[in-house]
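Letters A, B, ... mirror the listed sequences (proteins, then strands); counts begin at 1.
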2 protein chains.
Amino acid sequence: MASVYTETPTSGNTTPVGTRTAAPPVAVVSASERAYRQLRDEILDGVLAPGAGLLEVEQSDRIGVSRTPLRAAIARLIADGLVAGRAGRGFMVTEMSVDSIHELYELRRALEEHAARIAATRRDPHVFLELRDQFRTAPELLLLGEAGLHRYYELIDDFDDALDAAVGNPFLVTALANVRTHLARIRRLARHNPARLRAAAAEHLLIIEAIVAGDTSLAAHATHVHLHQSLSNVLAALEANPAAQAD
Amino acid sequence: MASVYTETPTSGNTTPVGTRTAAPPVAVVSASERAYRQLRDEILDGVLAPGAGLLEVEQSDRIGVSRTPLRAAIARLIADGLVAGRAGRGFMVTEMSVDSIHELYELRRALEEHAARIAATRRDPHVFLELRDQFRTAPELLLLGEAGLHRYYELIDDFDDALDAAVGNPFLVTALANVRTHLARIRRLARHNPARLRAAAAEHLLIIEAIVAGDTSLAAHATHVHLHQSLSNVLAALEANPAAQAD
DNA sequence: TGAAGCTCCTATGTATACATAGAATTCAGG
DNA sequence: CCTGAATTCTATGTATACATAGGAGCTTCA
């Protein structure tokens with residue numbers, strides 16, 4: 001099965017195996033997994049800009065794996081929609097036009113409104129009560145600078161996780177994960193807008209309260225409102241800084 | 001880029017290259033593409049039953065490609081959700097439990113109801129008027145035996161294509177394609193039920209008429225009804241023939 | 001006879017060498 | 001100087017050899 005390495009066999013660098021005292025559950029991922037994660041992170045962070053070309057040999061040299069696992073990584077990125085094959089010349093990071101942002105949010109509306117409805121029916125109230133308390137601290141959190149900001153984004157992730165768990169539908173969760181992948185690229189553009197983050201926290205809070213109350217209709221509509229505001233904010237940020245856009 | 005072969009280099013069988021008079025636009029697909037299509041078709045047709053094990057060497061021998069393109073094919077099937085990696089022993093065709101059918105239809109509702117709403121707004125009326133006329137012939141078609149049945153399934157495909165075109169959203173279309181892939185496995189179970197097919201044609205007709213009329217609400221609700229009936233039919237068929245189920 | 005340990009085997013993960021097609025470049029001819 | 005074709009070059013597609021890990025089966029000991 002999954003052959004695992006703590007390090008690349010050819011690169012005998014850090015963490016010598018002799019030093020393990022207990023059980024070192026360190027990296028332990030395959031080369032293709034490492035290549036996938038690195039490329040994916042770099043695309044989501046914008047290090048690999050939209051439109052950037054990816055060459056197998058070039059990338060495999062850079063990351064330190066052979067072409068075979070790198071090809072597997074690129075295949076996964078293509079399935080994710082983050083990379084596309086170019087007709088003549090290798091592969092490229094997919095672009096993110098204003099149109100495609102609208103399209104992504106259209107799918108996001110369909111999925112998240114449905115997910116919110118389901119969550120309001122199937123949720124574990126304790127989980128969302130806990131989340132509600134956390135989100136109530138968001139305004140203070142956003143006054144704490146970088147650390148508070150980090151915690152805030154963790155809260156968003158916690159909310160997404162709670163939603164996935166409440167929905168309990170692998171197909172829907174997978175579709176949502178796909179949307180969130182592309183969303184991560186967009187979020188970079190609109191980050192660090194304190195006023196928007198405070199408003200977003202309030203919108204999340206309303207969704208959570210609707211889920212706690214089992215109010216399917218309010219959960220769906222509050223989600224719709226939240227996504228509308230989120231999209232408006234992204235589009236405004238893009239208009240203010242068109243250079244951040246790729247298309 | 002895409003290296004293409006008309007035949008496997010090692011299998012020097014039919015269609016000798018010397019006989020090409022004009023331009024033979026025959027198969028011309030890569031080995032990995034061929035492997036992917038064959039495995040995918042076999043899974044959807046049930047030739048490779050749910051739970052069946054897939055071994056790289058075994059399948060690459062059978063299909064006539066080396067392990068490298070076959071691995072690429074399996075990677076795509078995993079991304080499709082048709083194959084899953086087994087912990088200890090190779091890969092297996094994913095199972096389709098009654099629960100997962102419910103889950104799939106839950107996602108399908110979210111996507112298709114939304115798609116129907118959008119289509120009712122953005123559709124090209126001519127396309128759907130044409131479709132309406134076609135679907136009106138469905139009852140007669142279903143009296144024509146195998147040939148009519150084949151034409152009927154083509155009609156369904158035409159409807160899906162028209163819906164995709166009207167939606168015009170690559171993200172949504174991709175998500176719908178994913179659902180339809182899994183749906184193809186399920187449809188095998190409930191096929192050849194004339195009464196259900198006649199009813200389904202009538203349901204499609206109503207959806208089409210709503211889209212033509214630009215009635216977003218009716219389009220969505222008619223879709224909901226159709227999916228409810230479709231799911232009921234599948235579940236009834238499963239209950240009548242539990243052996244067809246895999247889980 | 002049962003259990004524990006070891007060995008072998010099998011199947012995937014990885015690296016590399018070779019095949020091939022398309023694009024870019026260069027050279028020749030007008 | 002421009003245009004065309006041939007060639008070279010580059011990058012992916014494919015095949016194969018080797019590494020490795022986990023399981024199954026067998027053997028051995030109590």
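Taking every heavy atom of residues 67-78 of chain A and every atom of DNA chain C, pairs under 4.0 Å involve A:Arg67, A:Thr68, A:Pro69, by number.
Taking atom CZ of B:Arg86 as the reference point, atom C1' of D:dG22 lies 14 Å away to the nearest angstrom. A straight line from CD of A:Glu33 to C1' of C:dT14 spans 15 Å, rounded to a whole angstrom. A:Gln59 has its CD atom 12 Å from the P atom of D:dA11, to the nearest Å. Taking atom CD of B:Glu56 as the reference point, atom P of D:dA17 lies 16 Å away to the nearest angstrom. Summarising the geometry, the separation between CG on B:Leu55 and C1' on C:dC9 is reported as 13 Å, rounded to the nearest angstrom. Per the geometry, CZ belonging to B:Arg34 stands 11 Å off C1' belonging to D:dT14, to the nearest Å. Across the protein-nucleic acid pair, A:Met92 atom CE and D:dT12 atom P stand 14 Å apart, rounded to whole Å. Protein atom CD1 of B:Ile63 is 12 Å distant from nucleotide atom P of D:dA15, rounded to whole Å.
Distances shown here put a side-chain N or O of B:Ser32 below 4.0 Å from the OP1 or OP2 atom of D:dT14.
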I'd like a table of donor-acceptor pairs (distance under 3.5 Å, sequence neighbours excluded) in which one partner is a side-chain atom from residues 41-55 of chain B, with atom names and distances.
unit_1	atom_1	unit_2	atom_2	d
B:Glu42	OE1	B:Arg62	NH1	3.4
B:Glu42	OE1	B:Arg62	NH2	2.7
B:Glu42	OE2	B:Gln38	NE2	3.2
B:Glu42	OE2	B:Arg62	NH1	3.1

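The nucleotide whose nearest atom lies closest to any side-chain atom of B:Ser30 is, among C:dA11, D:dG13, C:dT14, D:dG13. Closest to the A:Ser66 side chain, of the nucleotides C:dG13, C:dA15, D:dT12, is C:dA15.
A:His150 meets the side-chain contact (heavy atoms from CB on, under 4.5 Å) test with A:Glu154; sequence neighbours excluded. The salt bridge (Lys or Arg N to Asp or Glu O under 4.0 Å) check on A:Glu56 picks up A:Arg67, A:Arg71, with sequence neighbours excluded. Looking at residues two or more places apart in sequence or on another chain, you find a side-chain contact (heavy atoms from CB on, under 4.5 Å) between B:Ala175 and A:Leu107, B:Leu111. With sequence neighbours excluded, the residues that form a salt bridge (Lys or Arg N to Asp or Glu O under 4.0 Å) with B:Arg76 are B:Glu33. Every ring pair (Phe, Tyr, Trp, His ring centres under 6.0 Å) that B:Phe159 has, sequence neighbours left out, goes to B:His204. Shown here are the ring pair (Phe, Tyr, Trp, His ring centres under 6.0 Å) partners of B:Phe171, two or more places apart in sequence or in another chain: A:His182.
A salt bridge links A:Arg122 with B:Glu106; the closest basic N to acidic carboxylate O contact falls under 4.0 Å.
Between the two ends of the helix from C:dT1-D:dA30 to C:dG30-D:dC1, each summarised by a five-pair axis, the helix axis turns through 10° (rounded to 10 degrees).
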A:Ile74 and A:Tyr36: CA distance, side-chain angles, deciding distance, side-chain contact (heavy atoms from CB on, under 4.5 Å) verdict: CA-CA 7 Å; A:Ile74 289 189; A:Tyr36 171 71; over 6 Å; no
